[in-house]
Structure formats: C-alpha cells, structure tokens
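Note sheet for the following structure.
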Amino acid sequence: MKKIILSAVAVLVACGMATQAKNKVKAAGLNFDPTAGEERVMTMPDGSQVRYTAWERLYFVTNVEDSAYQFLNVYAPEGATQQSPILLRTYVGGYMASAAGQPQAGDASGRALKEGMVVVIPGSRGRSSTVIATKTNKKAGIKKGQTIYTGRAPAALLDLKAAIRYLRHFDSEMPGNAEKIVTDGTSAGGAMSALMGATGNHPAYEPLLQAMGAASERDDVLASVCYCPITDLDHADMAYEWLYNSTHSRQQADERVLAVSNDLKAQFPDYLASLKLHAPDGTLLSADNYLDYVKSELIRAAQIAKNAGADIPDSLGFKFSEDTGFSAPPINGGMRRSPAGRAPLGGQRAGMPMRSGGTIKKAGEYIVDLDMDKYLNYVVSTQPLKTAPAFDTKGVAEQPASGENEEFGDSNGSSVNFTEYGAMKASAYLGEDVKRNVWLMNPMNFIEDKSASVAPHWYIRHGARDRDTAFPVPINLALKLLNTGHDVNFLLAWNRPHSGDYALDELFQWIKDVTR
Ligand code: DHB
C-alpha cells in the first residue's frame, strides 16, 4: 500500500535549524514514484555492463533546509527484487557537505550494482554548507541576506538517518529490502557509517529528526562498513599523542607543540582504562599491554599480506621466524635468484631463498615480532604527522582551527573547541550545546546503550600506514563492538594509506554472508 504520496517537496531556503520547524511552510510530504525511474547502463572496469534504473533527487525530509544536499538517489540493477540488500554509500569526506552523486564503476557503489544490490547515495549537509536567509527572524537572531551554515554537527548524521527512514517509509514501493541496509563510508564518511550503525533509533536524535520532517520510521541498519573512520573525536587527540609522541618527528616539533603532545599522551591511559576493553583472547587491555595489542594487530595484517605474496621488508621493524619455508627449486636446478636478480650475499635474510639439503628453502615464513618504534617512525615517514592536538587544534599553542573545530561550530560559521583540554589551552568556553553535539557524534557512546539498536554486523578497516587518526581509534571501536557481542571483521589493512573501498572482492563476500 502506498504511504504518503503527495506533491514534490518544496525547495525551501533556510532559516536556522532551530527555527525552521516553526517558521517554514511545511512541504507537502515525502514522495517516491516507482514509475519515474530512468533506465541506464554502467560499464564496469572489466568491460562488463550493468543495466539499472535510477531515481534521483528524492528529498528525504519535508522541511528542506538546504535543497542542494537533503535528497538521495536510488539505483536498482536489473533483476533487483524486494529482497535485494541495499548499499547506502555516503561520500562524506572531511566533514564537508556531500551532494548525492551517481554510482561509480570503480568503487563499492558500482560493485554493489554489479552484485545485484540496490545502491542508495544520500546527500548530506556538512561543515561547509551554507544558505542565504530569505527573511529576518529576530528571535533566532537571523537577518535577511545573512549566510547561514546549515551543516554543523550533528546535521550530516541527521540527514543520513533521515535518508534511512525514507528508505523504510517507501520500502514496499521501492526495490530492495530496508531491513538489509549496509552503510559504507570512508574517513569522515567512515565515521558517519559508524554512527549510522551505532545510533539506530536512539531517542536523543528523535526531536531533531522530527523538526526536519524526517519520516516517522526506524533508522537502524543491518551492517556498517567503516573505512578509516575519523571518529571518537573527543579522545582522538590523546590517542594520537599516546601513539606518536615518541616518533622522531614529534620529538623534533616546536617545543610548545611537544608540550601539548606530552600532556595529551598522559591522558590516554585513563581513557583506555575507562573503556574496559578486552582483547579477543579475553585479556583486559590497559596502557601497559595495549601497545603489544596494536603490535599484534599490525603483525596479523602483515602476515595476511605476506601469505598472499607481499614482500614485507624487515627494514620496517619486522622480525621473521628462523624456520625456513619450502620453495621449489628452479627448473634448471641452479641457485634461485632474488627478485632484484642478484644472488643473496652473506647470511640468510628474510624472504631470501637459500640452498639447503638439495632443495631451495625460503626463510622466515612467520612474522614473530615488530619493533614498534621503527614501525611508527616508518608510518610517519610516509606522511608527516598532524600537529598536536591533531583534531581540537584551535587556539592551542596559537594554532589555527581544524576542520573538526568547524564541524562543532554553529550556524554563524564559528569554529569552536570541543575537548576539555583544547578549551582549557585556548582559554575558551566549552558550552553545553557543543558537549551535547560531541556526544551525539561519537558512536562509542551508543554501543552499550540499551536505547540504541546497534547494527549486528561490522566491517572496519584502517590502513596500516594511515596516520590521519591513530590506530587506537578504530581498534577501540572494533573491540567495544566485539566485547558487546557484535559480529566484527576488523583489520589494519596492510600498506594501505588513508583510503577506502579497497579489497572489494573480500568486502562483497562479507556483505553476501551477512545479508543472506
Ligand atoms: C578526513 C581526514 C582527516 O584527517 C580528518 O581530520 C577529517 C576527515 C577525511 O578524509 O574525511
């Protein structure tokens, strides 16, 4: 049965979010016309073609504040049914606004179409999005002609949750099964994906969603795919310094920045203790054993890559087993040559072939240890460290505002400190409204909250040389989920920088498994 199908959503130009519910002409309703789809074809990188139907510019709220962003696009491949799983791919990056785009052959959106999934690409407001006020609203302190920032926290998340509610609202009219939504995003988009996964149906968002004119539906999802999530922003600075404080580059930083780094590093152990995380083997993690756990995750990732044939250089700090692994002798019976074409000189080196007892053996099949100092210095040699603090930078040691300082700013375009430490160092006031927004934007706060319907399945990846946030951030997210009984597939993906939508064969096998 059709639900509310009225006229197209009116394009309304904004007042501030707080005022819109009262002052806006309420648009007639949400709309989806199954007959309005357009047939299209996508050519995949292998030359194969996917036929699909596109429905675009579907506004997911009735009180549209920013008509450039608050709509979604739906793409259903030929053969999709009411039971097909849905990939909701957010293209949020840098906490910026993200307009609803089209599926890309080279990323997870195109691959999902090829795999028979319905693809949904929502737009969302972000720290950069603005509209011009069309009338004065004295109560809200808004003047006609004033630039209004529409997308400060938690607007992007609210838009994405409204998009999920829209999919549920029209579930029976639209191809795809809204009970099988898999969210996917990278970096700030990975954070959004984690938030969609962790905050399902939580009442804290309800009044905000109602004010926007989101559908009165559930907004929980089945699975969350998070690539390098830039999340847990209120603790990411301490995690960063705890991990990277001892690297050469941090030690060589300006002395005020180094002092900040030292302060932040010292805060991480208490935070970690408060989380009461356990490693998968049951060990309680504390600052005393946590670096060993990070190390074990890096070794696990490198071993997986080595097993698949990657050359893991021991110069990065890895130590290999003494035992030799078997390698077939060359067909002409001669000494095998190293990949560089030179016979190995001197003693046995990891990965180098050796003659032994008439057969050729390869040394060091197992990675048995990692010098973390060496490895962390390697990571920061591939890309310079962020400053300290890495995120709540504004006014700390006279540094400029970061994107995250803008994210927590207000509709006037302010940027603000969002941690106690940042505010203290910048002699700024950390307001209750900012604290509330920081809380709403951290998935860690909802994983154990009985009022949230947390996604049962999680796929979390963070590159093993990604320094945009420190390894403890995705590790803690994964462990908190795991410790609370969720299905978690986590990896510090070997040799990956800050990036997403990789290893798609593996990802889509996982998606198939969890949506079947
Ligand atoms: C992103 C990267 C960052 O380093 C950051 O602080 C916030 C967002 C991003 O790529 O989305």
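For ligands, and for the atoms within them, numbers begin at 1 and follow the listed sequence.
- Between F391 and F418, the distance separating the two ring centers is not shorter than 6.0 angstrom.
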Can you pull every nitrogen or oxygen pair between ligand 1 and the protein closer than 3.5 angstrom?
from, atom 1, to, atom 2, distance (Å)
ligand 1, 4 (O), K386, NZ, 2.7
ligand 1, 4 (O), D468, OD2, 2.7
ligand 1, 6 (O), K386, NZ, 2.8
ligand 1, 6 (O), E404, OE2, 2.6
ligand 1, 10 (O), S187, OG, 2.6
ligand 1, 10 (O), H498, NE2, 3.2
ligand 1, 11 (O), G94, N, 2.5
ligand 1, 11 (O), S187, OG, 2.7
ligand 1, 11 (O), A188, N, 3.1

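- Here Y227 and Y502 bring their ring centres to under 6.0 angstrom of each other.
- The aromatic ring centroids of W439 and Y205 lie 6.0 Å or more from each other.
- K435 has no carboxylate O lying under 4.0 Å from a charged side-chain N of D234, or vice versa, which leaves the two without a salt bridge.
- Ring orientation note: the planes of W242 and F268 are tilted relative to one another, at an angle of 30° to 60°.
- Not counting sequence neighbours, Y421 has no partner by the ring pair (Phe, Tyr, Trp, His ring centres under 6.0 Å) test.
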